[in-house]
Amino acid sequence: CIKNSGRTKRERIFIMDGYSLGYANIALVKYWGKKSKDPVLPYNPNISLRLDNLLSKTKIEKSLSNEDEFYINDEKQGPEEVNKMIKFISKFTPVDREKICIKSYNTVPTAAGLSSSSSGTMALVLACNEYFKLNKSTQEMVEIAKEGSGSSCRSFYKLAAWLEDGSVEELSCELDFSMMVLVVNEDRKKISSRVAMEQCVQTSTTFASWVEKAKKDFVLMKEALKEADFEKIGEITESNALAMHETTTTSSPSFTFLTEESHRAMDIVKQLRSQGYRCYFTMDAGPNVKVLYLKEDQDKLYEEISKLWNKKIILCME
Ligand code: 2P0
């Protein structure tokens, strides 16, 4: 029982059984570094693809206790998580509101570099809009979401560009993309994206060259999307991800999100490509490897990858 909550279908903003749905997105050109924190502005324009099967669903109810409560997957969150969430929603909800209970479910592992912050933030903003009857437009919710998690502003569109001036644009491409995740580890990451990217901004010796490359990649990616040139799209996606990850190893202290298993997954993608399969990898603030491919190739690619990757694989599109 999925019903569109009165908005256009293209925007894909759904309410299901009283829950607001937020989707994860994976960047093809990454956002890695804030030029400004208030408002949140990225150093470089970035582009993402929304993953319709990786989502968060959130419902707000009146709290039955005297305090605000927050549950993720039925697990009561501690004061630190509650305070972080309340600080965020206080920016756009009524000052004299009643205490609330927020119930959120992630279909993706939380904080494992699988974009749960973007899906969670989008779902939370939509749920607040419903519960407090804020009547915000999509554009207004995009602006709000970005203050909770920068990348979440991109989840409102299938293909989104978040620009340096803070605006978010919907892009289009005639290709039917899909992604699968080669799961290396589903644990919560030890260092948050926010802290990690700040450290890279402050100390990475390759940060300036990363920004310069990412700006060029953005222009090239827009062209490639327009031309529907999948090979070009894939090549930019891979090299952009590698340049982003390089800023972690060149920061001080040096660190990496990637493990030996991540490198093994990347090698599998390269090996399959050399055999003629159209597939490319990208990684975010975690060890898991996402594979970009065309939907029409899914069955044969999944079959081949399953032979080489004996751990969990998540298919990200419907
Ligand atoms: C991205 N990531 O473009 C990049 C690539 C992770 C790696 O955006 O500090 O949770 O809340 O703005 O949005 C993850 O960072 O960070 C992210 P904040 P966010 O998808």
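For the single chain, residues carry numbers from 1 onward in sequence order. Quick caveat: nothing in here was measured; it's all calculated off a predicted structure. Remember, it's 1-based here, ligands and their atoms both numbered in the order they're listed.
A centroid separation of 6.0 Å or more is found between the aromatic rings of Tyr71 and Tyr105.
Of the protein's non-hydrogen atoms, Lys34 NZ, 2.6 Å is the one closest to atom 9 (O) of ligand 1. Of the protein's heavy atoms, Ser117 OG, 3.0 Å lies nearest to atom 10 (O) of ligand 1. Nearest protein heavy-atom contact of atom 5 (C) of ligand 1 is Asp284 OD1, 3.3 Å. For atom 11 (O) of ligand 1, the nearest non-hydrogen atom of the protein is Arg194 NH2, 2.6 Å. Protein heavy atom nearest atom 1 (C) of ligand 1, with residue, atom name and distance: Arg154 NH2, 3.4 Å. At the top of the distance list for atom 4 (C) of ligand 1, counting protein heavy atoms only, stands Tyr31 O, 3.1 Å.
Ion pairing between a basic and an acidic side chain is recognised when a charged N comes within 4.0 Å of a carboxylate O; Lys103 and Asp74 show no such pairing. Ionic pairing of Glu130 and Lys59 is not present here: no N-O contact between side-chain nitrogen and carboxylate oxygen is shorter than 4.0 angstrom. Under the 4.0 Å criterion applied to side-chain N and carboxylate O atoms, Glu186 and Lys312 are assigned as salt-bridge partners. A salt bridge links Arg264 and Glu261; the closest N-O separation between the charged side-chain nitrogens and carboxylate oxygens is under 4.0 Å. Look at Glu61 and Lys99 and you find no salt bridge, because none of the NZ, NE, NH1 or NH2 atoms lies under 4.0 Å from a carboxylate O.
Interface atoms of ligand 1 facing Ala27, defined by a heavy-atom separation under 4.0 Å, are 1 (C), 3 (O), 20 (O). Per-residue contacts place Gly150 under 4.0 angstrom from the following atoms of ligand 1 (heavy atoms of the residue considered): 11 (O), 12 (O), 13 (O), 18 (P). Contact atoms of ligand 1 toward Lys30: 3 (O), 5 (C) (distance under 4.0 Å to a heavy atom of the residue). Listed by atom number, the atoms of ligand 1 under 4.0 Å from Ser149 heavy atoms are 10 (O), 11 (O), 12 (O), 13 (O), 19 (P). For ligand 1 and Ser193, the ligand atoms under 4.0 Å from any heavy atom of the residue are 14 (C), 15 (O). Of all atoms in ligand 1, numbered sequentially from 1 with element shown, those under 4.0 Å from a heavy atom of Met244 are 5 (C), 7 (C).
Evaluated for a side-chain contact (heavy atoms from CB on, under 4.5 Å) with Met179, the options Leu292, Leu54, Val291 yield exactly one hit, Leu292.
The shortest N or O to N or O distance between Ser151 and ligand 1 is under 3.5 Å.
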Anything under 3.5 Å between a donor and an acceptor, one on a side chain of residues 90-97, the other on a protein residue two or more places apart or in another chain? List them.
residue, atom, partner, partner atom, Å
Ser90, OG, Ile86, O, 2.6
Thr93, OG1, Ile89, O, 2.6
Arg97, NH1, Asp68, OD1, 3.0
Arg97, NH2, Asp68, OD2, 3.0

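With 3.5 Å as the limit, one finds no donor-acceptor pair spanning the side chains of Thr206 and Ser209.
Note on ligand 1: Met197 sits in its first shell, one or more heavy atoms being nearer than 4.0 Å.
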